[in-house]
Number of protein chains: 2
Amino acid sequence: MDIDNIIDNIYPLPEKSKTLLKENIYEITYPKAHVLFKANRIESTMYFIKKGIVRAYANPGDEEITFWFGKEGDAVISMKNYVENQKGYETIELLESCDLYKLNTEHLRKLFSEDIHVANWGRKFAEQELIKVEERLIFRQCRTAMERYKELMATDPELLQRVQLGHIASYLGMTQVSLSRIRAELK
Amino acid sequence: MDIDNIIDNIYPLPEKSKTLLKENIYEITYPKAHVLFKANRIESTMYFIKKGIVRAYANPGDEEITFWFGKEGDAVISMKNYVENQKGYETIELLESCDLYKLNTEHLRKLFSEDIHVANWGRKFAEQELIKVEERLIFRQCRTAMERYKELMATDPELLQRVQLGHIASYLGMTQVSLSRIRAELK
DNA sequence: TTAATTTTTTATCATTTGTAAAATTTTTAC
DNA sequence: GTAAAAATTTTACAAATGATAAAAAATTAA
């Protein structure tokens, strides 16, 4: 998905504001397994995914907890980084080789304070992410592991094709063994 | 917590913008059990809590899923309502008699398009909510029911004093019986 | 206060999920 | 293509959690 579509899907910008925003964006390609954000670091970048798929995981203790997948059209940010300019709690790695649009968040913040259209674009962006996260939170609360898997199959079957099951299991809040058992039961 | 503090904690506004925003806000008190938002309705209000505590739940009728508690200083919105002007999925009810600040979201949207400071205030508001929701999402993923309960005790012990355990259990993704068992074990 | 209602706890048993280890399949590197 | 590594599935068993019912405790209302 190209950058004009990504920007306009969030909130259509007048040409002048869009130009200002795009001045600050360039394309870059990274190989599979590249790490975009490391936990406990302050970064001032964000990305949009032109092509590919990535995952975010937190690591409280030792056990990786995958809590997000991003694919074509999605924004990739480290939340604390983006919002508060503080150390992020997540690591984000590429699950496939990816074509990305990269932008500098300090520059973006400057535009927020100078251009009301970009400010509202940033507002819409946060609001849309907010809805997505809250819906995932509620969905996650759904009863059984089986129901959570079925729900994912229904809403995002593509994910199951593109991401290895260990990560899916973590994302769904169960062990890989549990997921495997559930899949066997559904055959 | 009074409205000036609530507004400024989100993002300090210049006096003129703050006046515009506050023109649109008034105080109101409702008794315990009053419902602020009903699921499947379009509303154009939001609230800030001056005093009291509320909960949001999805699935009214069927099995209620409590996914949020709000208390002094928190904003109360129905997400789909606020962001997309569409039917909300949650019901929000007062768990105590509450003093609230009420405002109209259509008026707020108008200010977003007219005043860059208010637009950035709205952006900051969404961003801060976003961090809170994502942190809850990750926290919810904590392995065992026991761990989730301990985590809540550590991060928000006050909640356990003010909210009945049935709601807490739902919030933590377990049955009330399970929660009771865990509490007994910890004595 | 007493009675009624709601909330919490306790007990039992069934089911689900986790742990560990081995077997199988798939992917990667040479 | 083959060997090594990684990912997935399977199995057996243990632990955690859920469902249900009923008792105890706490709260609310008359």
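The model shown is predicted, which means the values in this text are computed figures rather than measured ones.
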Just the rounded figure in Å: distance from [atom2] of [N] to [atom1] of [X].
X	N	atom1	atom2	answer
A:Arg148	C:dT16	CZ	P	13 Å
A:Leu172	C:dT17	CG	P	12 Å
B:Gln164	D:dT27	CD	C1'	11 Å
A:Gln176	C:dA21	CD	P	16 Å
B:Leu179	C:dT9	CG	P	7 Å
B:Tyr149	D:dT17	OH	P	14 Å
B:Met174	D:dA19	CE	C1'	16 Å
A:Leu186	D:dT9	CG	P	12 Å

B:Ala145 or B:Lys32, whichever maps to the more 5' nucleotide of DNA chain D
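Between the two, 5'-proximity favours B:Ala145.
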
Using the side-chain heavy atoms of [X], tell me which of these nucleotides is nearest: [options].
X	options	result
B:Ala184	C:dT10, C:dT9, D:dT9	C:dT10
A:Arg181	D:dT8, C:dT17, C:dT7	C:dT17
B:Val177	C:dA21, D:dT17, D:dA19	D:dA19

Over all heavy atoms of both residues, which pair between B:Ile3 and B:Lys22 is shortest? Give the atoms and the distance, please.
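What the structure gives for the nearest pair is CG2-CE, 4.2 Å.
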
According to a 4.5 Å side-chain heavy-atom criterion applied to Ile, Leu, Val, Met, Phe, Trp and Tyr, with indirect links allowed, do [X] and [Y] form part of one hydrophobic cluster?
X	Y	answer
A:Ile49	A:Tyr82	yes
B:Tyr171	B:Met153	yes
A:Met174	B:Leu172	no

Under 4.0 Å, counting only non-hydrogen atoms across every strand here, what does A:Met146 touch: a base, just sugar-phosphate, or nothing?
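Contact class for A:Met146: none.
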
Touch class at under 4.0 angstrom, heavy-atom based, for B:Ser178 against every strand present
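Since only primed, P, OP1 and OP2 atoms lie under 4.0 Å of B:Ser178, the category is sugar-phosphate.
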
Do we see a donor-acceptor contact under 3.5 Å between the side chains of A:Arg183 and A:Tyr149?
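Their side chains do contain a donor-acceptor pair, which is all the 3.5 Å distance test asks for.
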
Do the side-chain N or O atoms of B:Arg183 get closer than 4.0 angstrom to the phosphate oxygens (OP1, OP2) of C:dT9?
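Yes, because at least one side-chain N or O of B:Arg183 sits under 4.0 Å from OP1 or OP2 of C:dT9.
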
With a 4.0 Å limit, can you tell me whether A:Thr175 has a side-chain N or O closer than that to the phosphate oxygens OP1/OP2 of C:dG18?
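Yes, A:Thr175 has a side-chain N/O under 4.0 Å of OP1/OP2 on C:dG18.
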
